[in-house]
Trainee: 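Quick one: structure below, then a few questions.
What you see below is based on every heavy atom in this structure, not just the backbone, and it leaves out hydrogens, waters and symmetry mates. Within every chain, numbering begins at 1; the chains are lettered A, B, ... in the order of the sequence lines, protein sequences first and strands thereafter. Owing to the predicted nature of the structure, the values given are computational and were not obtained by experimental measurement.
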Amino acid sequence: MESHYLTVHELEELLRAGETTSLEITEAMFRRIDAVEERVHSYINLMKERALEAAEASDRRRRDDAALGPLDGVPIALKDLLCTTGTPTTCGSRFLERFVPPYDATAVAKLRAAGAVILGKTNMDEFAMGSSTETSYFGVTRNPWDLERVPGGSSGGSASAVAAGECAASLGSDTGGSIRQPAAFCGIVGLKPTYGRVSRYGLVAFASSLDQIGPLARDVEDCAILLSVIAGHDERDSTSFPAPVPDYRDCVGRSIKGWTVGIPREYFIEGIDPAVTAAVDRAVSVMKDLGAECREISLPHTRYGIAAYYVIAPAEASSNLARYDGIRYGFRSPGERELLDLYRNTRAAAFGSEVKRRIMIGTYALSSGYYEAYYKKASQIRTLMKRDFDKAFASCDVILAPTTPTPPFKLGEKTDDPLQMYLSDVFAAPANLAGIPGISLPCGFTADGLPLGVQLLAGYFEEGKLIQAAAALEKALFTEQRRPAL
Amino acid sequence: MKITKDQVSHVADLARLTINEQEQELFTKQLNDILMYMDMLNSVDTTNVEPMTHAMEGTEAFREDVVRSSLPLDAVLANAPDDDGASFKVPKIIE
C-alpha cells in the first residue's frame, strides 16, 4: 500500500477501520525515507528501532480497543531542536552533535502520550538561524519540488519531510517565519500558534519572546489535530498560557460567510514576484466567493518588521546562546589550558558563521552606548506593530497576505548576502513580533511548477478562526492533486 | 561606517568568540550593511511609546514554591565534555 502521501486523518480512518496497521504504515514510511532521503536530506537522525516498537505498541492498543486518539500509530517527524530522550538533539549545530537530552520536550511528551510514532529528527538551520536550511552543520536539505532549490527554513527538514512523503506530519518552530516560510516553499500547510499557546519547555531557545512550536502537515485538518494535542498550559513554561484547548478540528468544514478578511496593502510591495501576487489575488477572490467581505487595510509599520526583528531576535539569541560554553554539555575545544581560551575557542570552533554573525549583532545591539538606539528602539516599534494588528482585528476576522515575497530560491543564491536572506521573512516576522497566530497554506504554483503559499493571520488565541478560514479556503482553492516528481 | 574593524573585535571579545582576520573583515562589512539597513528604525517617531518585550505582558505566572527532585547526577553529567563523576571539570581558574 502506498501510504506515504496520506494525511493524518486518512491514516486515522484506515487504522480505525482495521485496514492497515501502524507497523505497516511505519515500515512503509522508512522504505520511502530510504528511497528519497539521499536526494532530499530531510533528516539528521532517524529513530527507526524505537519507532517500530512504538508502532507495535500502538497496534496492540488498537487490538485491545484502547487507541489513544487521532494520532495513535501515526508517523511524525520532529525538528531537531525539540528535546528527545535517547536521541541526539543537535539543533543543526556541531556544538550539539552528540548531545542527548535527559528529558523530552513537553510537545514531544504530549505526542508520545497521544500514541504518535516518532520517526526521527529533521534538518534545520543551525540554532534555527536561517531561512533556507543551508546553515545546518549536517548539510543542506533540498526542496522536493526542485532539488536545485531550498526548502526554506529554518524548519526546512520538517517541511521537506512532509512534502516528500517521509512522514505524515511534523513539528517545527517559528521565530520569524520558520514554519510558515518553509511550508509555503514546500507546498504544505504550516501553523504558528499564538505565543504562549504551546509550551516551549524542551524547545532549545533561540529568541525566547518570539519562539513558538507548531505543526507542518499536508492539510489544515491535520494541523488542527496536531495543535489540539500539543497546545496547553505547562507549569514548566511560565509563558505558556492557561487558556482551555478546544478541539480545533471542530473548526474544519464551517462556513466563513459574512466574515471580514483584511488585505494589508503594505504586503504588496515592490519586488514581490508577480506569480505570488497572482496566486494571492486568486485566494482573495475565492474568499469572496465563500461569502467573506475582503477589505483593504493598513498595517503601517510592516516595512520596519525585518529591521526590528533582526535587532530583537539576535539580542535574545546572544543571551540565550551564552550557555554554550563547553563546560556542561556539547562540544569543548580540546587541550585548552585557560578558561577564557576554552570559551572563545570552543564557541569559535563549534558555531557556524550565521550563528556567530547573529551573536555579534545581538551583542552589539545590547552593548553599552547602543542599547537605546537599537534594542529599545526596536522594542518600541514592536509595540507599534502590535497596535497595528490590534486595530486591524477590531474590524477583521482574519488577515490574508502572501507568506513570502518570492517562490523558493536556488541553493546558494542568498548565502553570501545575509540581508537578502533576512528579507525573505519580511511578511512572516511581524506575526512573531506581535505574538499572533498565523498559518500558511498552498495557493498555487508558478509556471515552472514551484509551490506558492498564502498566509492567514488572526488575533491572540484565535487559532480556531484561523483553522476555520484556512480549511474553507483550502477546500475552495483545491483543483488538482500534485506531488513532487521524486 | 557604522562599525569599525576594531569594534567588531571588541564585540567578538564580549561574545567570547575568537574570530580570525578573514572573519573580522567579513563581519565588519556584513554588520555594516545590516546596521545601515536598521537605520530605518530611526525614521519612526517613538516618543512616549512603551517598549514591548513580550507578547503576553501582564501575565506573570506564580506558583507554589515547592521543593522537587532535580535530575539525577549521572543524567546531568552524561553530556559533560569532562567530569570526575561528581562535578564538571574545567581548566584551572585561580593560580
Side-chain angles (χ1 to χ4, degrees), chain A residues 98-100 102-103 194-196 209-210 235 238-239 241 301 303-304 306-308 310-311 318 322 325-332 336-340 342-345 347-348 351 353 356-357 359-361 363-364 367 373-374 376-384 386 418-419 422 434-435, chain B residues 2-3 7-8 10-20 23 26-27 30-31 33-57 59-64 71-72 74-83 88-94:
Chain A
R98 279 180 271 279
F99 172 68
V100 181
Y103 55 84
T194 307
Y195 183 82
S209 82
L210 305 164
E235 61 176 15
S238 63
T239 65
F241 200 72
H301 296 92
R303 62 182 296 250
Y304 305 105
I306 286 296
Y310 277 96
V311 173
S318 71
D325 55 6
I327 304 296
R328 291 152 300 160
Y329 48 81
F331 181 84
R332 179 187 287 192
E336 301 293 346
R337 302 177 65 87
E338 296 284 340
L339 190 66
L340 268 182
L342 187 155
Y343 291 153
R344 289 191 191 112
N345 295 335
R347 289 161 66 80
F351 287 147
S353 77
K356 288 180 192 169
R357 191 154 40 241
I359 290 174
M360 302 273 291
I361 297 169
T363 304
Y364 177 77
S367 65
Y374 290 101
K376 190 179 171 200
K377 187 80 183 177
S379 303
Q380 288 173 310
I381 288 166
R382 193 176 176 187
T383 301
L384 297 174
K386 175 189 160 27
L419 190 55
Y422 299 170
Chain B
K2 304 289 292 181
I3 186 168
Q7 281 175 298
V8 165
H10 174 64
V11 171
D13 196 46
L14 290 174
R16 300 284 184 261
L17 282 170
T18 307
I19 55 168
N20 59 36
E23 284 176 311
L26 185 68
F27 286 156
Q30 291 175 333
L31 262 57
D33 288 349
I34 294 163
L35 293 170
M36 300 258 260
Y37 178 78
M38 285 166 181
D39 263 354
M40 73 158 73
L41 296 176
N42 294 321
S43 66
V44 183
D45 180 7
T46 53
T47 319
N48 297 324
V49 176
E50 280 295 307
M52 173 178 171
T53 55
H54 199 280
M56 294 287 129
E57 268 160 324
T59 55
E60 284 79 5
F62 292 93
R63 61 168 170 79
E64 292 305 313
L71 288 168
D74 56 343
V76 173
L77 292 176
N79 283 295
D82 196 8
D83 70 280
F88 300 109
K89 282 176 77 174
V90 296
K92 193 153 89 175
I93 299 167
I94 304 159

Trainee: If you round to the nearest 0.5 Å, how far is NE2 of A/H301 from CG of B/L41?
Mentor: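 One finds 11.0 Å between CG of B/L41 and NE2 of A/H301.
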Trainee: If every non-hydrogen atom of A/G330 is compared with every non-hydrogen atom of B/P81, which pair is closest and at what distance?
Mentor: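 Taking every non-hydrogen atom into account, O-CG, 3.5 Å.
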Trainee: Kindly compute the distance separating CD (A/Q380) from CG (B/N48), expressed to the nearest 0.5 Å.
Mentor: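 With rounding to 0.5 Å, CD (A/Q380) is 9.5 Å from CG (B/N48).
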Trainee: Measuring heavy-atom distances to chain B, does A/A308 have an atom under 4.5 Å in its side chain, in its backbone, in both, or in neither?
Mentor: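 Both backbone and side chain.
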Trainee: Taking every heavy-atom pair that is under 4.5 Å apart, which of B/L14, B/D33, B/L35 has the most such pairs with chain A?
Mentor: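 Heavy-atom pairs under 4.5 Å are most numerous for B/L35.
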Trainee: So, taking the atom named CD in B/E64 and the one named CD in A/E235, what distance separates them when rounded to the nearest 0.5 Å?
Mentor: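 So the CD of B/E64 and the CD of A/E235 are separated by 11.0 Å.
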Trainee: Taking A/K386, A/K376, A/E336 one by one, which has the highest count of heavy-atom pairs under 4.5 Å against chain B?
Mentor: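 Most heavy-atom pairs within the cutoff with chain B belong to A/K386.
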Trainee: Testing the basics here: between A/R347 and B/L17, what is the closest heavy-atom pair and its distance to 0.1 Å?
Mentor: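 Shortest heavy-atom separation between A/R347 and B/L17 comes out as CB-CD2, 3.7 Å.
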Trainee: Using modelled atom types and a 3.5 Å cut-off, is there a donor and acceptor pairing between side-chain atoms of B/T18 and backbone atoms of A/A348?
Mentor: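 Pair absent, no side-chain N/O of B/T18 close to backbone of A/A348.
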Trainee: Is it the backbone or the side chain of B/D74 that comes under 4.5 Å from a heavy atom of chain A, or both, or neither?
Mentor: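 Contact with chain A involves no heavy atom of B/D74 at all.
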Trainee: May I ask you to name which of A/I327, A/L339, A/T194, A/I359 has the most heavy-atom pairs under 4.5 Å with chain B?
Mentor: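 Top count of heavy-atom pairs under 4.5 Å with chain B: A/I327.
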Trainee: At a heavy-atom separation under 4.5 Å, does A/R337 approach chain B through its side chain, its backbone, both, or neither?
Mentor: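 Contact with chain B is through the backbone of A/R337 alone.
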Trainee: Determine whether A/R357 and B/L31 make a side-chain contact, defined as any pair of heavy atoms from C-beta on separated by less than 4.5 Å.
Mentor: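 A/R357 reaches B/L31 side chain to side chain.
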Trainee: Which distance, rounded to the nearest 0.5 Å, do you find between the CZ of A/R382 and the CD of B/E50?
Mentor: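 Here the interatomic distance stands at 14.0 Å.
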Trainee: So, does B/R16 use its side chain to make a donor-acceptor pair with the main chain of A/D325 at under 3.5 Å?
Mentor: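 Between the backbone of A/D325 and the side chain of B/R16 there is no qualifying donor-acceptor contact (under 3.5 Å).
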Trainee: Who passes salt bridge (charged side-chain N to carboxylate O under 4.0 Å, His left out) against B/E23, sequence neighbours left out?
Mentor: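 Partners of B/E23 under the salt bridge (charged side-chain N to carboxylate O under 4.0 Å, His left out) test: A/K356.
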Trainee: Working to the nearest 0.5 angstrom, can you tell me the gap between A/T363 OG1 and B/D13 CG?
Mentor: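 One gets 11.0 Å once the value is rounded to the nearest 0.5 Å.
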Trainee: Tell me if a side-chain donor or acceptor on A/T383 pairs with a main-chain N or O of B/M52 at a distance below 3.5 Å.
Mentor: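 Looks like yes, one N/O pair under 3.5 Å.
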Trainee: Are the side chains of A/R328 and B/V76 in touch, meaning some heavy atoms are under 4.5 Å apart?
Mentor: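 SC-SC contact between A/R328 and B/V76 ruled out.
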Trainee: Please find the pair of heavy atoms, one from B/A55 and one from A/A434, that lie closest to each other, and give the distance.
Mentor: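 So the minimum-distance heavy-atom pair works out to CB-O, 3.9 Å.
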Trainee: Looking at OH of B/Y37 and OH of A/Y310, how far apart are the two atoms once the value is rounded to the nearest 0.5 Å?
Mentor: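 It is 10.0 Å, given to the nearest 0.5 Å.
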Trainee: Among B/D82, B/I93, B/I19, which has the most heavy-atom pairs under 4.5 Å with chain A?
Mentor: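 Most heavy-atom pairs within the cutoff with chain A belong to B/D82.
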Trainee: Considering non-hydrogen atoms only, spot the tightest contact between A/A307 and B/M40 and give its length.
Mentor: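 Shortest heavy-atom contact: CB-CG, 4.0 Å.
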Trainee: Is A/L210 in contact with chain B via its backbone, its side chain, both, or neither, using a 4.5 Å heavy-atom distance?
Mentor: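 For A/L210, no heavy atom lies under 4.5 Å from chain B.
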Trainee: Below 4.5 Å from any heavy atom of chain A, which atoms of B/A78 appear? Answer side chain, backbone, both or neither.
Mentor: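 Neither part.
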Trainee: Can you say whether A/L342 sits under 4.5 Å from chain B via the side chain, the backbone, both, or neither, judging by heavy atoms?
Mentor: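 The answer is the side chain of A/L342.
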